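Keep in mind that this is a model prediction, so the values were computed, not measured. Residue numbering restarts at 1 for every chain, and letters A, B, ... go by the order of the sequence lines.
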There are 2 protein chains.
Amino acid sequence: MVDASRMGTGSAPAPTAASPLFLRDSEVRRGVELLYFGYASMIRGADRILDGRGLGRAHHRALYFIARQPGLAVSDLLRLLAITKQSLSRVLADLVREGLVESRVGEQDRRQRRLTLTPAGAALEAELFEALRERVAGAYAQAGQEAVSGFWAVLLGLIPLPDRALVLSLDQASRGRRETAGG
Amino acid sequence: MVDASRMGTGSAPAPTAASPLFLRDSEVRRGVELLYFGYASMIRGADRILDGRGLGRAHHRALYFIARQPGLAVSDLLRLLAITKQSLSRVLADLVREGLVESRVGEQDRRQRRLTLTPAGAALEAELFEALRERVAGAYAQAGQEAVSGFWAVLLGLIPLPDRALVLSLDQASRGRRETAGG
DNA sequence: CAATATAGGTCAACATGGTTGACGCATCTC
DNA sequence: GAGATGCGTCAACCATGTTGACCTATATTG
């Protein structure tokens, strides 16, 4: 363990060759804070849109992943959201009732429900994504390509290896779709 | 507005000189996802510690900022957390009852309550921070100094200018304290 | 000094989105 | 046919946020 009484406001393990300056407590705290406020800032615009429709962040997350991976099964969505099925079922019921999401019986495995967005759902997701895109693309443009690579690298490093595949699979899936569609 | 029906799965505004490859929808989505999973991964360890003590993330956030800026006023904390005073007062009452936080009348302005951590509070915050540090420093080390700079640059760009000062002031304040203490 | 503004606390009702636990049904796999 | 899996649902509860109303103590200002 660590001497707790000395750590509170952050004089870290003394920087050495093995633990250079950018790993000091103050640099870690800066990262924690930027991540917290950056994430909050990113979703603020989408929150306003959701408010107007009587939906919440939970609905947004579901819409987002269904848009990202059309036809995913409920179990896939559960894995991505890391919540219980009881919690998801409320959200999903809302979205279906509002005509934003459709659930069809799986073709190979008829126990599965494959989730897709209706046109209305796709339109709302696009509007929500546009709010995210505005902020993120602005930050990317301001910071530059190089910085963006670093941004991705650090965030990926935050995710424990076992979970990393899950995140990367989102990209794979959509890349696959683009190629199939003939992009 | 945007043609919503085409946007759902992300063939962006065609990349041009003014809107280069790294600003495409797929790059934005990657950022959104990494931010979401990265943030969740970062705090997972702290969550487990909190669980064991019957505390939640709200308590953690308060502890964090009080550690970061000892002696801040309730109104400062409210600004940082962006919640209502009714919501904060519950959290703060818990922390005071548990002997983790102390509130003293301000010296210049006796209406203010200046918040500080007790030794027990500082110890818990240190333990929680250690869980964050483990993840963040690992990601930093893995990605390298250059990447960390990019990580900060993009996140800072996500935060609207008016709020940016607030975030940077955390650094300023702690730097001031370190110098005063004779570091 | 009186009036007003500010910092903070508190009560009450309610919303959102998460949890656990128990069960049921359809379907797939062995 | 037996058991595992995917999904849905009921019920109770918890954590954390909201609004609105109202109170006190202290500071500031005309």
I'd like to know whether A:Leu155 forms a side-chain contact (heavy atoms from CB on, under 4.5 Å) with B:Phe37, so could you lay out the CA-CA distance, the side-chain angles of the two residues, the decisive distance to 0.1 Å, and finally the verdict.
CA-CA 8 Å; A:Leu155 286 174; B:Phe37 289 108; over 6 Å; no
Audit row: A:Arg97, A:Asp94, salt bridge (Lys or Arg N to Asp or Glu O under 4.0 Å) steps and yes/no
CA-CA 5 Å; A:Arg97 182 166 28 72; A:Asp94 291 345; 2.5 Å; yes
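Of all heavy-atom pairs between A:Leu170 and A:Phe65, the closest is CD1-CE2, 3.8 Å. Closest approach of A:Leu158 and B:Ala139 over heavy atoms only: N-CB, 3.7 Å. Residues A:Leu63 and A:Glu125 share a closest heavy-atom pair of O-CG, 3.7 Å. The minimum heavy-atom distance between B:Pro160 and A:Ser41, with the atom names listed, is CD-OG, 3.5 Å.
Between the B:Ser103 side chain and the B:Arg114 main chain, no donor and acceptor come within less than 3.5 Å of each other.
With respect to the salt-bridge test (charged N to carboxylate O, under 4.0 angstrom), the residues A:Asp47 and A:Arg44 do not qualify. A salt bridge links A:Glu33 with B:Arg68: the distance from a Lys NZ or Arg NE/NH1/NH2 to an Asp or Glu carboxylate oxygen falls below 4.0 Å. Electrostatic pairing of A:Arg133 and A:Glu130 counts as a salt bridge here, judged by a charged N lying under 4.0 Å from a carboxylate O. One finds a salt bridge joining B:Arg79 and B:Asp76 here, because a Lys/Arg side-chain nitrogen approaches an Asp/Glu carboxylate oxygen to under 4.0 Å.
Only at 4.0 angstrom or more do the heavy atoms of residues 54-65 of chain A sit from any atom of DNA chain D, so none qualifies. DNA chain D lies under 4.0 Å from no heavy atom of any residue of residues 90-110 of chain A.
Evaluation of the ring pair (Phe, Tyr, Trp, His ring centres under 6.0 Å) rule for A:Tyr64 yields no partner, not counting sequence neighbours.
Looking at heavy atoms from C-beta onward, B:Val91 lies out of side-chain contact with B:Ile83 at the 4.5 angstrom threshold.
Where A:Arg113 and A:Lys85 each meet DNA chain C at their nearest nucleotide, the meeting point lying more 5' is that of A:Lys85. Taking the nucleotide of DNA chain C with the nearest heavy atom to each of B:Asp76 and A:Gln86, the more 5' of the two is matched to B:Asp76.
Counting any heavy atom pair closer than 4.0 Å across all strands shown, A:Thr84 reaches a base atom.
Once rounded to the nearest 0.5 Å, the distance linking NE2 of B:His60 with CD1 of B:Ile43 reads 8.5 Å.
Taking five base pairs at each end of the helix from C:dC1-D:dG30 to C:dC30-D:dG1 and finding the rotation axis that steps the C1' atoms of four pairs onto the next four gives two axes whose angle is 30°, to the nearest 10°.
Enclosure of atom CD in B:Glu146 is not indicated, since only 12 or fewer non-hydrogen atoms of other residues, nucleotides or ligands lie within 6.0 angstrom.
On the nucleic acid side, DNA chain C has its first and last nucleotide under 4.0 Å of a heavy atom of chain A at C:dG17 to C:dC28, going 5' to 3'. Contacts between chain B and DNA chain D, taken as any atom within less than 4.0 angstrom of a protein heavy atom, begin and end at D:dT16 to D:dA27.
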